[in-house]
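Just so we're clear, the structure is a prediction, and the values are computed from it rather than from any experiment. A, B, ... follow the sequence lines: proteins, then strands. Residue 1 opens every chain.
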Amino acid sequence: MTDITVVKCGGNASVEVDEVCADVATLRGRGAEVILVHGGSADIERLAARLGVPSRQVVAPDGVPARYTDPAMLEVVTLALAGMSKPRLLASLAAREVPAVGLTGLDAGLLRARRKAAHRAVVDGVRVMVRDNQVGTITAVNAGLLRTLLDAGLVPVISPPALAEDGRPVNVNADRVAAAVAAAVGAARLVMLTGAPGVLADVADPDSVLPVVELSPNEPPAHRAGGMGLKLIAAREALTAGVPETLIADGRRPRPVTAALDGAATTVV
Amino acid sequence: MTDITVVKCGGNASVEVDEVCADVATLRGRGAEVILVHGGSADIERLAARLGVPSRQVVAPDGVPARYTDPAMLEVVTLALAGMSKPRLLASLAAREVPAVGLTGLDAGLLRARRKAAHRAVVDGVRVMVRDNQVGTITAVNAGLLRTLLDAGLVPVISPPALAEDGRPVNVNADRVAAAVAAAVGAARLVMLTGAPGVLADVADPDSVLPVVELSPNEPPAHRAGGMGLKLIAAREALTAGVPETLIADGRRPRPVTAALDGAATTVV
Amino acid sequence: MIACPECEAKVDLPDAPRLNEILECGDCHAELEILSLEPTLVGLAPEVEEDWGE
Amino acid sequence: MIACPECEAKVDLPDAPRLNEILECGDCHAELEILSLEPTLVGLAPEVEEDWGE
Ligand SMILES: [Zn+2]
Ligand SMILES: [Zn+2]
């Protein structure tokens, strides 16, 4: 019977990276199987700036802005996640003698996605039909590959991009990747580390961490402020697919995963 | 009994990438086990130029110039190989339904290296003690990881960097990585694809391909011109370590590996 | 100036039209999409499923 | 101007000295390495093993 813990982290700041990797080493020392899923928005932004690639936004009809991954930005996303965030995590794990293998959705079709259809949005102030947003939603996870690696005692370290139906890479949301992976491998728990103490009742008050957040299956989540919206959607996807325990916790402290599992987190139900 | 073919390719130009990946698919269709090792010098140079990182050279006392991988360039090497060259190869293999896993030396200590000691060289015209050249020579290969992946029917796609003794990444020569990998897994053959028809008797005459080149165990190889020197050193390392067959062949044609195995190559002995 | 593909009324183009820009026909209120520039061609903007989570 | 660590003779510095630059003492011919700038300090350049293949 598997007892897999899926940890989602940012992957950017070297202090956080070292703390997460040290905690992964600790968890494995206790015999746990761990899968690490990461993003790297700070690496993406920095690299985009260095390369002169503009960071653009699409504003959906409901007013919610999202990253516009045009083809130039997709290249930056892949470059930053596979070429910067992931090597940083792998070096930190190697330094702690944790054998890990870095992966994106392009590796043996690990993450397959449905490309987002053309949609209406406002870009640079103009209402347009967006047709070149290189994004998708996860439709399948190669759980067999992950099982092979876990059986060999390895920690999979996973990030976007994913493979679209036409075989080309697309950007996907890393939190939702974590949820899809947790569901596909039958993980016991999903821990999403974030740059906040947890889900806050009042975004302006860091002490207002909610110990539990209850989500309805159909309506947009409450407490969406502060970038929590997609994490709560991802949490719901994991729970709906059968992952027993889903936590959102602070990633900026020592032993962030252990602390979350000990209760210093927001449990989503 | 394994019958592994290790293929070393450049990884840069998309036409070559597609031809190599199509050939890998063909080889696998015949039941062969394949490991792909790649560099990406064109990606490295292009990315260095885009990021404003100067390409510097060290000139050794024997007059041979080599890349000076200062810390800024090491970041570019990792970014380009893991973030650009490798994803391009993986997407091409995925499009041909070849399950492949991308790796660098940072994955589960796949490639361990001894960091190059401080040495005298001429940099920017000045004689200096070079102390920050982030390069090394391979000392160990995690053959167990490769065996696990091959047994699962996967094609490992390997590139620098490697892990130095202090746990930090170092650049290593990709041809020598291919030789070390071939030796470590007991490969039946090593095929090094290059941007020339083979080893040429006369670098200016593309029809002067030598069918066979014989190397002595101790002296610098003859026919070193045109960048062949390191490939011949790598070939010798593979042969010395027991790899039965080592070829240098043209990578710029359709079915480059198959053609090389059929005889259109320079065999090194 | 261009003709609405739905009702053939004249549709005003913006000063600086953008590819894939959405316009509305003043007469029949159909939503039109600029499918190319030089020459400027429009078509009916498709109905699409909204997936509000990315 | 600086003193050779081997023989204490005065060693001339180049106009634009570089970190890790190698100089030769005019008197005893020892090879010296510039170990820091401001202040400029030198030491004996170490003997190292040459590995001509990279
Ligand atoms: Zn109309
Ligand atoms: Zn002296």
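- In this structure, N20(D) CG and R127(B) CZ are separated by 13.0 Å, a value rounded to the nearest 0.5 Å.
- Crowding of E24(D) atom CD: a count of heavy atoms from other residues, nucleotides or ligands under 6.0 Å exceeding 12.
- Of the two parts of V123(B), only the backbone, made up of N, CA, C and O, holds a non-hydrogen atom closer than 4.5 Å to a non-hydrogen atom of chain D.
- When all heavy atoms of M129(B) and A45(D) are compared, the pair lying nearest together is CE-CB, 3.7 Å.
- At a 4.5 Å heavy-atom cutoff, D175(B) makes no contact with chain D through either its backbone or its side chain.
- A salt bridge does not link E33(D) with R120(B): none of the charged nitrogens is closer than 4.0 Å to a carboxylate oxygen.
- For P46(D), the parts lying under 4.5 angstrom from a heavy atom of chain B are both the backbone and the side chain.
- Residues E21(D) and V128(B) share a closest heavy-atom pair of CA-CG1, 3.7 Å.
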